[in-house]
Every structure is written in C-alpha cells, then in structure tokens.
Student: 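A single structure is presented below for examination.
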Amino acid sequence: MTVASTFATSRRSHLCGELREEHVGETVRLGGWVHRTRSLGSIVFLDLRDRAGLIQAACDPRFSPADVIAAADRLGAETVVEVDGVVARRPAEMVNKDMGTGTIELQVTALRIVGPAVTPAIPVARGKDEKLAAEELRLKHRILDLRRPELQANMILRHRLLQVARHAMSSHGFLEIETPILTKTTPEGARDYLVPSRVHPGEFYALPQSPQIYKQLLMVAGYDRYFQIARCFRDEDLRADRQPEFTQIDLECAFVTQEDVQAVVERVLVALWKEAGHDIAIPFQRLSWSTSMERFGIDKPDLRYGFELENWTAHVQGDAATFVHDGITVGGLLRGIRVPGGAALSRKDIDALAATAKSNGLGGLLWAKRTETGWEGQGAKAFGAGTMEKIGGVIGDLIVAGVGADSVALPAMGQVRLELTRRPEHAPATAHAFCWIVDFPLFELDAASGEHTPSHHPFTSPHPDDVHKLESVPWECRAMHYDAVYNGNELGSGSIRITDPAVQETIFRLLKVPAEEIQRRFGFLLDGLAAGAPPHGGFALGFDRIAMLLAGSTSLRDVIAFPKTTAARALFEGAPSPVSARELAALNIAVSIKEQS
RNA sequence: GGGGCCGUAGCUCAGUCGGUUAGAGUGCCGCACUGUCACUGCGGAGGUCGCGGGUUCGAGCCCCGUCGGCCCCGCCA
C-alpha cells in the first residue's frame with residue numbers, strides 16, 4: 001500500500017518522473033510527452049516526459065497488445081500520450097544509471113494519443129554533446145524550450161525561491177501588500193513605460209520602476225513592515241543580466257536602523273541560498289564604499305579573489321621615470337596589483353590587461369615580472385631599481401600598476417583586477433563571498449551633464465555624521481545607503497529614508513529640482529511624510545538575478561519563462577506590435593514615426 | 001546612441017583563392033530489426049546561403065545598406 005501521488009487526477013495516477021522502485025508491481029496510468037522513441041520492430045521503447053522527469057515505457061508483445069506496439073512505433077517526438085501499465089523492475093544489466101527512474105520501467109498495456117504534435121521546430125530531447133538551438137529560435141519557440149528539463153529545473157527552483165522568500169518575510173512579521181502597476185512615475189531616473197488613459201485624453205499612467213514611494217507611504221500609514229514580490233519596469237537598454245521587466249523582493253520597515261534592515265536581508269539571503277543547497281554565514285562583512293574603491297576599484301567587489309589594489313605612491317623613488325613623477329605631481333596616485341605566479345603570463349596576456357587599463361582611461365599599464373635574474377619589463381625600467389626595491393616581490397610575481405587620479409585609476413585597475421580573477425588558473429578562494437557596501441556618497445557627478453544626481457534616489461537619508469556638511473560641502477556627504485554584493489554581483493540595495501522635511505527640501509534644492517516639479521512628482525510622498533512619518537528604511541533584492549546565480553546561469557532569460565530579447569522584443573508572443581487606428585483613436589493618440597534619412 | 005560577433009537543409013555546423021552539381025551529423029519520410037536507452041542497418045526527400053543593392057565573365061564567399069539574435073560601452077541608483 002503506497003501513498004497516492006500528489007499529482008494523481010481522474011486521468012492519471014502519478015507523474016512519469018516520480019515513479020521509483022517502491023512502485024514496482026503497481027498498475028499506473030501516466031500522461032506525458034514522448035521524449036524519444038526506440039523502435040526495435042516488435043519491441044518499442046518510449047521515453048515519456050513530464051515535469052518530474054523521464055520514464056521508459058516498454059511496448060512488448062509479452063504484455064502489450066499488437067495495436068499498442070503498432071501505435072507506439074508511429075509516435076513522433078512531443079506527442080502527448082496517456083498510457084496504462086504495470087511498473088516493473090528492470091533486469092540488472094538493463095538499468096540506466098543516468099535516469100532517476102532507471103531501475104524501473106512501465107510495461108504498457110494501453111496507449112492513447114491525446115495530444116498529437118507536429119515535428120518540433122527545435123529539439124526538446126538532446127543528446128549528450130548536442131548544442132542548444134540558437135537563442136533566437138529558443139525564444140521564438142519558447143514552449144518547446146521551456147519543456148527542456150534544464151529550463152524546467154530553473155523554473156522549479158525559481159518557484160521554490162519565491163516561496164522561501166515569502167515565508168522568510170512573513171515569518172519576520174512582514175505583510176505582503178500589493179501596490180499599483182498603473183501608477184505615476186517613480187524617482188529612479190530610468191525611462192518610464194507609459195500607458196495611455198482612455199478616459200483622460202492626453203494623460204498617461206507609468207508602470208512602476210519600483211514601488212519606492214508606495215512602500216514609504218505604507219510606513220507612514222502604519223503598516224510597519226511591508227514586503228512585496230514586485231514587478232518593476234524600466235525602459236532602458238538591456239544586458240544579459242537586465243530585462244525591461246523584472247522582479248524584486250521589495251521590503252520596507254519602520255523604527256529601524258541600517259543594521260536592522262541588513263539583518264533582515266541577511267536572513268532572507270540565508271534562506272534563499274539554503275533552498276539552493278548552500279549554507280552561508282552571517283553577518284556579512286561590511287566595507288565602506290571608499291574602502292571598496294581603494295581595495296578593489298569597484299563598488300561590487302568579488303571577494304572570492306585576492307589581487308587587491310595597493311597604493312604604491314610612497315614607494316616611488318628618485319630614479320623613477322619622469323612621467324611617473326609627473327603623473328603623481330598633478331595629483332595622481334600609483335595604484336598597483338601584485339599577481340603571485342603572474343610572471344607566467346604571456347606578453348599577449350599582459351597586452352590584454354594593458355588594453356583594459358587604457359580603455360578605462362589610464363594612459364597605460366606599467367608591468368614587471370620578477371624572474372631569477374631580477375625585475376623585467378617596461379615597468380621595471382620606468383620605476384627604476386629603487387622603486388622596484390620598495391614595491392618588492394618574490395620570484396614568479398607579476399606587478400601591474402597605473403598612475404592617475406582616483407576617479408580614473410581606481411576603476412581602471414579594478415577592471416584589470418576583474419580580468420585577472422577571470423583567468424582560468426586563478427581559482428576562487430571560496431564559493432560564496434557576500435559583503436555589504438556601506439557609506440556610499442550621497443551624490444554622484446554625472447559626467448555627461450556635470451550635474452549632481454542622487455547615487456541612490458532623492459529620499460536617501462544623509463549619514464547622520466555628515467548632515468552638517470549638507471550646506472557647506474554636500475558632495476562629500478555619505479548616505480545611509482547600502483548594497484548587498486555577492487561574488488561581484490549587486491544583489492540589491494536599500495537605504496534609510498529621509499523623514500525630516502527640512503532635510504528633504506535641502507536635498508531637492510541641491511539637486512536643483514524646481515519647486516513645481518517637486519510638487520508634481522513627489523507631492524503625494526511629501527504630504528505623506530508630513531502626516532506623521534516613522535523613521536524607516538528598506539531594501540530591494542533583484543530576484544531574477546538571484547535566481548540566475550543560484551541556477552548557475554549567466555543569463556536572466558534562463559530563469560524567466562517568457563523573456564524579452566536585447567531589443568526588448570518578445571519573440572514568442574510578438575510584442576510590442578502595432579495597434580489598429582481604431583484603438584489609437586479611442587486613446588486619443590496619433591502616431592508619428594520619423595523617417596530615417 | 002556606439003562597438004564587436006553571428007545569420008548556409010527543421011536543428012547544429014563545414015564550405016579552401018570568387019569557379020561550374022552547396023556538403024556532413026542529426027531530425028523527418030520509407031524499409032528491416034524481440035531489450036533498447038543519443039538503438040542499429042539500408043534507402044529517400046529536404047536549400048530564397050536572412051533581405052536589398054553593387055563589383056565581377058562568374059558571388060554562400062568581396063563591397064554598401066538593411067533586418068534579426070547575442071555580448072559589451074553609454075544608459076539603467
């Protein structure tokens with residue numbers, strides 16, 4: 001007597017892939033897709049597939065009627081069938097170790113074709129070394145691609161992660177509250193997706209770039225701890241890890257400090273990683289933004305690797321080349337990286353590192369290898385013996401360095417470091433390296449416009465120790481803004497919000513936001529904050545990216561059922577698409593497309 | 001907005017210096033086959049070389065444009 005399957009219905013008793021040796025002897029009824037067929041003439045084997053996996057269904061004259069064998073012989077891939085049969089143990093020499101159901105098979109007694117299928121445009125069943133179809137075709141024929149066990153595993157993992165996130169949030173007292181999808185532009189600064197209003201000609205809703213303002217208003221409204229698995233929309237150009245619509249685990253809580261928020265986020269991340277089979281330690285280490293830039297040249301450092309940036313400015317001696325001295329004289333610093341064993345790198349490898357340095361704005365990359373006979377390379381000549389002595393190193397070392405202002409040299413050397421970490425001979429010291437980046441600058445300078453912009457959003461509270469600088473040296477203010485970083489990936493970010501109207505006013509003034517615009521865009525938030533706002537702060541985790549990383553994938557498209565292309569098209573449904581003149585007229589919209597010259 | 005890579009049979013790819021009839025594997029169709037598991041063997045069908053233009057006696061191959069996909073920069077806190 002066995003327990004009935006959760007998946008039993010009026011039309012089936014089990015999922016194909018969930019049968020095991022304990023079911024041997026049972027008469028079962030299965031439904032599934034024909035994954036592959038192997039016909040030996042009067043014996044036909046079918047691999048039947050469903051979301052639980054594959055099982056071999058054997059059609060053999062010893063237990064199958066002749067018409068079943070004949071029908072099985074004609075089955076094409078991806079046909080949906082229902083089969084009746086008896087679960088039988090396979091003889092030892094016929095066990096398939098690669099299948100979850102490899103020790104058993106179904107002895108088919110009846111077979112019904114319930115969903116005939118045309119020959120699939122792209123293969124669902126793949127041989128061991130067979131490549132995937134082109135991504136374009138996978139997106140166009142998404143239902144077939146989604147049938148592949150790999151993608152099904154990803155979607156199942158995604159589901160489990162969502163449940164874990166919900167449970168973790170709920171168990172810490174967070175209330176799941178939905179916020180509008182048809183809304184008003186939010187302060188993230190990306191382009192909005194707009195939705196025309198039919199009843200208000202000429203007016204538009206915006207899809208939310210995040211529920212930022214709503215969640216702050218929920219704090220004002222007394223909901224204390226809010227979370228949402230929130231869909232967000234940003235009309236910006238895409239990347240492998242960026243989709244126009246994406247999902248955040250969004251949270252906000254009241255009467256908290258930065259540390260309180262971080263503690264909650266850490267617990268959620270522990271739960272998510274555990275669900276994927278990884279035990280991780282908390283609390284994560286904290287790095288200030290400036291420390292991260294100094295040591296790693298980036299605000300999302302991959303701490304699985306060493307190769308930290310070092311400041312060698314003080315090592316420079318009188319015998320160094322003039323250009324080195326000149327670079328330092330104009331305010332630059334010498335930033336170097338030591339690569340143990342790096343002397344084995346070829347000239348081509350080093351040239352590639354130099355190209356990275358140059359494309360990131362450095363004049364060039366100085367390098368030297370420590371060999372049996374001493375330092376070699378252009379860097380050794382440029383620095384001179386005295387400086388090399390100070391920099392030091394053992395035989396086998398490579399040193400690379402660049403001179404420049406921190407705003408250029410640190411990010412550039414950070415990219416050089418990243419390239420070093422990606423080299424196959426450099427194994428990560430650990431599999432999971434989390435950290436918090438804290439004390440971000442409150443503002444950053446926009447290179448294009450020369451204007452200051454909020455580095456997070458305009459409601460981020462200045463660091464209490466820096467509030468006094470707001471009027472005098474605002475660009476030196478740190479923010480109560482923190483990012484969670486994992487293996488060089490930004491998982492999410494958050495901040496403690498401004499609840500003091502005077503501070504908020506100052507921020508808008510510094511950002512040169514006109515009073516009219518403040519009222520128009522953020523009036524309902526400011527009014528809310530004036531209604532009695534508790535101190536509050538929150539966070540948003542990029543859920544798709546987390547699912548991607550835990551699935552071991554490098555593209556968001558592998559963890560989203562129906563993703564968009566890099567041109568923001570949906571190849572499967574064919575969105576976006578033109579609409580009829582009638583629909584446009586109803587929305588009071590006239591379309592004018594600029595002719596290409 | 002900019003840069004790079006790619007586009008040849010349903011799918012994955014090869015295609016030499018620009019040369020006459022564009023190939024392979026797989027899938028598909030047919031035949032054979034009683035223990036296969038990427039079954040095997042034999043036979044067959046299958047091509048707008050993304051699209052448009054140009055150079056040339058001749059273009060899958062060279063040039064220009066264009067469309068689509070992917071990756072990156074800008075952009076996206």
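We name chains A, B, ... by the order of the sequence lines, and we start the count at 1 in each one.
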Student: In the strands shown, is B/rU12 matched to any nucleotide by a Watson-Crick or G-U wobble pair with both distances under 3.5 Å, and which?
Tutor: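 Looking at the geometry, B/rU12 pairs with B/rA24.
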Student: Between the side chains of A/Q209 and A/D192, is a donor N or O closer than 3.5 angstrom to an acceptor N or O?
Tutor: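 A/D192 and A/Q209 do have a side-chain donor-acceptor pair below 3.5 Å.
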Student: Could you please name the partner base of B/rG47, counting Watson-Crick and G-U wobble pairs only when both distances are under 3.5 Å?
Tutor: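 Answer to the pairing question: none, since B/rG47 forms no Watson-Crick or G-U pair.
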Student: When we call it a touch if two heavy atoms are under 4.0 Å apart, what does A/P61 touch: a base, just sugar-phosphate, or nothing?
Tutor: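 Here A/P61 touches the bases of the nucleic acid.
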Student: With respect to the phosphate group of B/rC28, does any side-chain polar atom (N or O) of A/T119 fall under 4.0 Å of OP1 or OP2?
Tutor: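 Looking at the OP1 and OP2 atoms of B/rC28, neither is under 4.0 Å from any side-chain N or O of A/T119.
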Student: Which residues pass the salt bridge (charged side-chain N to carboxylate O under 4.0 Å, His left out) test with A/R239, sequence neighbours left out?
Tutor: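 For A/R239, no residue satisfies salt bridge (charged side-chain N to carboxylate O under 4.0 Å, His left out) once neighbours in sequence are set aside.
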Student: In whole angstrom, give me the gap between the P atoms of B/rC73 and B/rC17.
Tutor: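 Nearest-Å result for B/rC73 against B/rC17 at atom P: 36 Å.
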Student: To the nearest angstrom, how far is A/L139 atom CG from B/rC6 atom P?
Tutor: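 One finds 20 Å between P of B/rC6 and CG of A/L139, rounded.
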Student: Which whole-number value in Å describes the distance from A/L207 CG to B/rC76 P?
Tutor: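 Answer to the nearest Å: 19 Å.
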Student: Grab the CD1-P distance between A/I104 and B/rU36 for me, whole Å please.
Tutor: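 Taking atom P of B/rU36 as the reference, CD1 of A/I104 is at 19 Å.
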Student: Could you give the CZ-to-C1' distance, from A/F233 to B/rC76, as a whole number of Å?
Tutor: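 From A/F233 CZ to B/rC76 C1': 16 Å.
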Student: Just the rounded figure in Å: distance from P of B/rC71 to CD of A/E136.
Tutor: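 One finds 13 Å between P of B/rC71 and CD of A/E136, rounded.
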Student: Compute whether any side-chain donor of one residue and acceptor of the other, for A/Y226 and A/T179, lie under 3.5 angstrom apart.
Tutor: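 Side-chain D/A pair, A/Y226 to A/T179: absent.
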Student: Within a 6.0 Å radius of atom CD on A/E130, are there more than 12 heavy atoms belonging to other residues, nucleotides or ligands?
Tutor: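 Atom CD in A/E130 is crowded, with more than 12 foreign heavy atoms closer than 6.0 Å.
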Student: Rounding to the closest angstrom, what is the interatomic distance between B/rA22 and B/rA59 at atom C1'?
Tutor: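 Rounded to whole Å, the distance is 13 Å.
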Student: When the P atoms of B/rG46 and B/rA32 are considered, how many whole Å apart are they?
Tutor: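 23 Å, rounded to whole Å.
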Student: According to the interplanar angle, ranging from 0 to 90°, do the rings of A/W289 and A/F440 count as parallel (below 30°), tilted (30 to 60°) or perpendicular (above 60°)?
Tutor: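 The rings of A/W289 and A/F440 sit tilted, inter-plane angle from 30° to 60°.
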Student: So what does A/D235 touch, heavy atoms closer than 4.0 Å: a base, only the sugar-phosphate, or nothing?
Tutor: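 Nothing, no nucleic acid heavy atom in range.
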Student: Do A/Q415 and A/T356 have side-chain N/O donor and acceptor atoms under 3.5 Å apart?
Tutor: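 No - no donor-acceptor pair under 3.5 Å links their side chains.
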Student: Taking C-beta and beyond as the side chain, do A/L48 and A/V34 meet within less than 4.5 Å on heavy atoms?
Tutor: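 The answer is yes; the side chains approach within 4.5 Å.
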Student: For B/rG69, does the base pair up with any side-chain atom of A/R557 as donor and acceptor (N or O, under 3.5 Å, distance only)?
Tutor: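 Check fails, no donor-acceptor contact within cut-off.
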Student: Tell me, for nucleotides 37-42 of chain B in 5' to 3' order, what letter each nucleotide earns: B for a base near a protein heavy atom under 4.0 Å, S for only sugar-phosphate near one, - for neither?
Tutor: BBB---
Student: B/rC6 and B/rC49: how far apart are their C1' atoms, nearest whole angstrom?
Tutor: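 Approximately 14 Å lies between the C1' atom of B/rC6 and that of B/rC49.
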Student: How many whole angstroms separate atom CG of A/D237 from atom P of B/rG74?
Tutor: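 Atom-to-atom, A/D237 to B/rG74, this comes out as 12 Å.
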Student: Is the phosphate of B/rU12 approached by A/R138 (side-chain N or O, under 4.0 Å from OP1 or OP2)?
Tutor: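 For A/R138, the contact criterion (side-chain N or O under 4.0 Å from OP1 or OP2 of B/rU12) is not met.
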Student: Does a side-chain N or O of A/K131 approach OP1 or OP2 of B/rC13 to a distance below 4.0 Å, or not?
Tutor: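 A/K131 to B/rC13 OP1/OP2: side-chain N or O found under 4.0 Å.
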Student: Just name whichever nucleotide pairs with B/rU40, Watson-Crick or G-U, keeping both distances under 3.5 Å, else none.
Tutor: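 The answer is B/rA32, by the H-bond criterion.
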Student: When the C1' atoms of B/rA38 and B/rU12 are compared, how many Å lie between them, rounded to an integer?
Tutor: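 The same atom, C1', in both gives a distance of 14 Å.
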Student: Starting from P on B/rC75, measure out to CZ on A/R191 and report it in whole angstrom.
Tutor: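 Taking CZ of A/R191 and P of B/rC75, I get 11 Å after rounding.
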Student: I want to confirm an ordering. Mapping A/P120 and A/L238 to their closest nucleotides on RNA chain B, which one lands closer to the 5' end?
Tutor: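 Nearest nucleotide further toward 5': that of A/P120.
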Student: For the C1' atoms, the ones on B/rG47 and on B/rG10, what distance do you get once it is rounded to whole angstrom?
Tutor: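 Roughly 12 Å separates the two C1' atoms.
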Student: Using a heavy-atom cut-off of 4.0 Å across all strands, would you classify A/Q107 as base, sugar-phosphate, or nothing?
Tutor: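 It contacts nothing in the nucleic acid.
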Student: Just verifying a value: how many Å separate A/S461 OG and A/H456 NE2, rounded to the nearest 0.5 Å?
Tutor: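 Interatomic distance, A/S461 OG to A/H456 NE2, rounded to 0.5 Å: 11.5 Å.
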Student: Have a look at A/A567 and say if it touches a base, only the backbone sugar-phosphate, or nothing, with a 4.0 Å heavy-atom cut-off.
Tutor: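 Counting heavy atoms under 4.0 Å across all strands, the contact made by A/A567 is with sugar-phosphate only.
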Student: Regarding B/rG35, can its base be found pairing with the side chain of A/E105 as donor and acceptor, where the two atoms are less than 3.5 Å apart?
Tutor: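 Per atom types, the contact qualifies.
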Student: Can you check the distance between B/rG7 and B/rG54, where both ends of the measurement are the P atom (answer in whole Å)?
Tutor: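 Here B/rG7 and B/rG54 have their P atoms 24 Å from each other.
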Student: What contact category does A/T565 fall into here, base, sugar-phosphate, or nothing, at under 4.0 angstrom with non-hydrogen atoms?
Tutor: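 The answer is sugar-phosphate, as A/T565 gets under 4.0 Å only of primed atoms, P, OP1 or OP2.
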Student: With hydrogens left out and only the distance checked, is there a donor-acceptor pair under 3.5 Å joining A/R234's side chain and the base of B/rC76?
Tutor: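 A donor-acceptor contact between them is absent.
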Student: A/I69 has an atom CD1; how far is it from atom P of B/rG35, in whole Å?
Tutor: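 Result: 13 Å.
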Student: Which of the following nucleotides, B/rU36, B/rC11, B/rC75, is nearest to the side chain of A/A133?
Tutor: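 Of the options given, the side chain of A/A133 lies nearest B/rC11.
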Student: Measuring from the side chain of A/T566 (C-beta onward, heavy atoms only), which nucleotide among B/rC70, B/rG69, B/rC75 has the closest atom?
Tutor: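 Out of B/rC70, B/rG69, B/rC75, the nucleotide with an atom closest to A/T566's side chain is B/rC70.
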Student: Apply side-chain contact (heavy atoms from CB on, under 4.5 Å) to A/L207 and list each qualifying residue two or more places apart in sequence or on a separate chain.
Tutor: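 A/L207 satisfies side-chain contact (heavy atoms from CB on, under 4.5 Å) with A/I181, A/L182, A/Y193, A/V195, A/F233 only.
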Student: Using the C1' atom as the point on both nucleotides, what is the distance between B/rG4 and B/rG58, in whole Å?
Tutor: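 These two C1' atoms come out 32 Å apart once rounded.
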Student: Evaluate the ring planes of A/F443 and A/W475, with Trp represented by its six-membered ring, and classify them as parallel (under 30°), tilted (30 to 60°) or perpendicular (over 60°).
Tutor: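 Perpendicular, since the angle between the ring planes exceeds 60°.
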Student: Identify the nucleotide, in any strand shown, that forms a Watson-Crick or G-U wobble pair with B/rU56, with both distances under 3.5 Å; if there is none, say none.
Tutor: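 Here B/rU56 is not engaged in any pair, so there is no nucleotide opposite it.
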